[in-house]
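Following: one structure in structure tokens, then a few remarks.
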Amino acid sequence: MIGLAWAGLRSRVSAFLGTLVAAFLAVALTGGAALLLFSVLTARPTTHRFDAVDVMVGGDREVSLTTVTDKGKGKHKSKTKTERLAGAPVLPSDWAGKLAAIPGAGPVIADYSFTVALTTVDGGPIGSATGHGWASAGLMPFTVRTGTAPGADELAVDPSLGLHPGDRVRAVTRTGARTLTVSGVVAQKLDEQTSVFVADTEVASVSGLAGPTALGVRNASAAEVKQALGVDTVYTGADKVRADLPSALPDYIGAISIFGFVIGITTFATVFVLVGTVALAVRRRLRELALLRAVGATPRQLWRLLSAETLLVSLIAAVAGAPAAVVVAQLIAARFRVLGAVPEQFTVDVNVGVLLAATAVTVLVAQLSARLAARRAIRIAPAQALQETVVEGRGGWLVRTLVALVTTAGAAMILAIVPLDGPFGMGMTFISSALLLCALGAAGPLLVRVLGAVLSRVAGSTGIAGWLAGAFTRAENRRVAAVAVPLALMVAINAPMLLNSALSAKLAAAQERERTAQATSVATGVAPLADVQTVAGDHTALLPTQLIVDEGGKPKHHAAYGVQLGGTPVLDLGFNAGNWSGAGLAASAYVALGNGWHVGDTVKVWFPDGYATQLPITGIFDRGRGFGDLVAPADLVAAHDPRGWVTTVALRGDQNVPGMHTAPVQARTAGDADEQEGAWEIMIAVSLGFTAIAVINTFAIAAGSRRAQFAQLRLLGATPRQIRRMAAREALITVAVGLALGVAVTTIVVTAFSVAQDGALRLVVDPVSYGALLGAVGLLGLAAGTVPTRAVLRSVRPV
Amino acid sequence: MIICMKITSPVVELTDVRRAYRSGDTLTRALDGVSLSFAAASFSAVMGPSGSGKSTLLQCAAGLDRADSGRVRLAGHELGTLKEPKLTVVRRKVTGFVFQAYNLVDALTVEQNVLLPQRLAGARPDRRYAREVLAKVGLAGREHARPAQLSGGQRQRVAVARALAGRPAVIFADEPTGALDLQSGREVLALLRQAVDEFATAVVMVTHDPAAAARADRAVILADGRVVADVPDPSADLVASELTAVTR
């Protein structure tokens, strides 16, 4: 069978081109997305900062909660959940001595790590860096290239800041702002962090750390250190990086969720298109299959032939697709690096196993779709080969209806039950779009018949070309469905993403306006809390942080703000229960609802350096969108967050905040594009590009299969121009059907999302970009519907 | 005895037409200097062994293919001087075509198929005449059926009706009875005969069946791209013996 399939393939390349292209794209895109996800999941941060020592010791970098459930009969089940801390705790003061006491150990180096923001003396930004005492230089080691090591009121910097000895800079830490003179520039620069050093005598007062956050020792073994300190965890080798400040290390969490999404979308789109393409290719060959049956092939042999052909085509596609997958992954990674959605050091790990897996999935999907399409085809009666009209058989309606009903029900359930205003909102809307698209695919011909009947009557009024176009689309609704559904896919996958993220941004901006309604100006920048407290008049200062909360035995982290209220609150968070006036914790309504919190409940909170405390909930607020989930006292945040500084102050009046830039509220722009938006942009580009190719592909296949029909029409007296015009009108009808189906799915999903956010029914969130997307898809469909037809027509002769 | 002579100019006229096909290294001379004319209101059969150029002759005469050299006049139009789309326009106005198979567009009903050439010509379809012609071919009442619902013979009759509905000057038929049973074949031939007798259409029919040729006024026999016999008032036996002579 393989030999027969190979011979068939070689002789009629054009017949298999469509499937080849679809399979190639499937391997390239799913492979690329899989490589990205794999690289991000297996990324290990590395650093050279601790090269000069053998063992590093640090405090706990995570919060662990264990819940034990008693399952009766003396059996217990324990579950442990952990969450990473954003900061690092200070080590016990006697550890340094204990390490030094290890026989044969070299010098013990104390590592103080803290975050420092550097600005010019008049407040212009330079950058943020990780600060250390000069002793930490010995861990790598850092050596001075120009100038000297830092003394009092001095700073040594690494070359990336572009500073020179003698420059004066303003350094802001949580303990205050200081003007320091650059004493020297070191020769080394770490990839993952910018390093600055202060004198050992000053590091404690500058950083606000009571002791070192890590200790390094040479010439000692891990076992000796563990025994000396009585701890379980020490870091050696590549693991030493975990002794560093977590905020200095690249964070891949955001990238993981983005790439997870990318792989979900690409896999769905490729499977969808591959199934449709293979089915179309099989249906084109009905007469040939009937002929094979006539010369003696059994249905089973036909199936094996089709299976062998599909296998060969997908393998050939994989050979080209695998290198393309690497290229795709590199391109996306490069763009994400530029956008900051992934850290600078992120590289694509080209793992052959992942590529093989993507190939295997594609081959499997192609085989399954061939089986699906061939089920009826291989049972074709041999006599059909001799007949004029080859009918595939009108069956399969039961399965199609069932699939359509099940998927629609699934989508409806998701939209109705899952809270779409949570962090999974976008993901869930995508899944419901996908399910509705599957329903479209299953019920395609029926829907096309209904919609097409309406549209073709309209087309029929425009002369013979329109009349023929209408007649053909009414009669050949399977073919029309095969091209209309990918168009609907293009709209229904991209439009909800586009519109829902636009809606989220709009709502966040609206809430921001409501929050700052009573403020006259907002100061932004970096300033220590002490400086802000001296500002006169009403002001509200925000310190960004991350808090971990015990939610039913699971530690969950939330974006939060430490808030300092000076005078009457300037920011209006919209409290619906209680009020926050400086003590305790305030929670957003979404989080409070999810956890069943009420005013007066006490929750356990961990600050970034591991400091844990119980705080009562004193207020629940509505306007958390684009803000944060929790509000905590500023002094706690300043003391326990590695940054611990104020980034925003809302003011009522004309005050100036030292070291920050003040602007009137109305003048504030919408803020920089989120790194998330960049990710959406890429996903939309990828899925648009892929589905565009799929649409072109399907149209080309459909055009190729109509060669005989065009010849017949020519014979009956149609001029080439008439056929082109007919094809254009058919494309118009098909595009209209596809857009209508896509818009229907989008409207359902977008409306559900909108209602879930704030109860308002919005059908079209952003008419401009929605219209642009529909216009682009429509144009593409028209081009794809007419260009292949012209190409086929050129070579069609009446006989 | 009164002899009535109808002096009419031929509706199809080929003068020294040559047509060759090249495939790879071989050159096949399908038509090698053929000169023929077919009068109006005449029924001509074109016959010959396979490869004799019968279908090529039909295609060149009907304007479906371009002769390499020579002149083709169709209902007063010099086909050699016409370019697309004018060629199609002329063809559609002056000729009707009946093929051996795949005559009808599956997506259209019987009536829509019959009226298709007229619609393509941009003319108002003459529904009344179409119904009349369909009745003539014995398919009254089946206007809204689809080709898939008809038998082979019925489909062929619809094709004849379509050819007639446009009131053409000449009908070209390529093996119209080849795929039909005897009864249906006889019916189709009777319809073609009727077209000549009642509608004054010229019919040029390619066939290999001597019995079909016997219904014609004239049998032209081709071999190797040349006319080797031109038999007036053919009988089946005469035609059969001429064919055998050619193939010996």
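Computed over heavy atoms, backbone and side chain alike; hydrogens, waters and symmetry mates excluded. Here is how names work: the chains are called A, B, and so on, in the same order as the sequence lines, proteins then strands, and each is numbered from 1.
- The residue among B:Arg162, B:Arg146, B:Lys93 with the most heavy atom pairs within less than 4.5 Å of chain A is B:Arg162.
- For the 3.5 Å distance criterion, the side chains of A:Arg714 and B:Thr88 qualify, holding a donor opposite an acceptor.
- To the nearest 0.5 Å, atom OG of residue B:Ser37 and atom CZ of residue B:Arg73 are 11.5 Å apart.
- Rounded to the nearest 0.5 Å, atoms CG (B:Leu64) and CD (B:Gln59) are 6.5 Å apart.
- For B:Arg91, the part lying near chain A is the side chain, with the backbone staying farther off; criterion is any non-hydrogen pair under 4.5 Å.
- Annotation: maximal heavy-atom pairing with chain A below 4.5 Å, among B:Thr109, B:Val105, B:Thr95, B:Val89, occurs at B:Val105.
- Listed options A:Ala718, A:Ala471, A:Pro720 were ranked by heavy-atom pairs under 4.5 angstrom with chain B; first place goes to A:Ala718.
- Residues B:Val160 and B:Pro176 form no side-chain contact, since every pair of their non-hydrogen atoms from C-beta on lies 4.5 Å or further apart.
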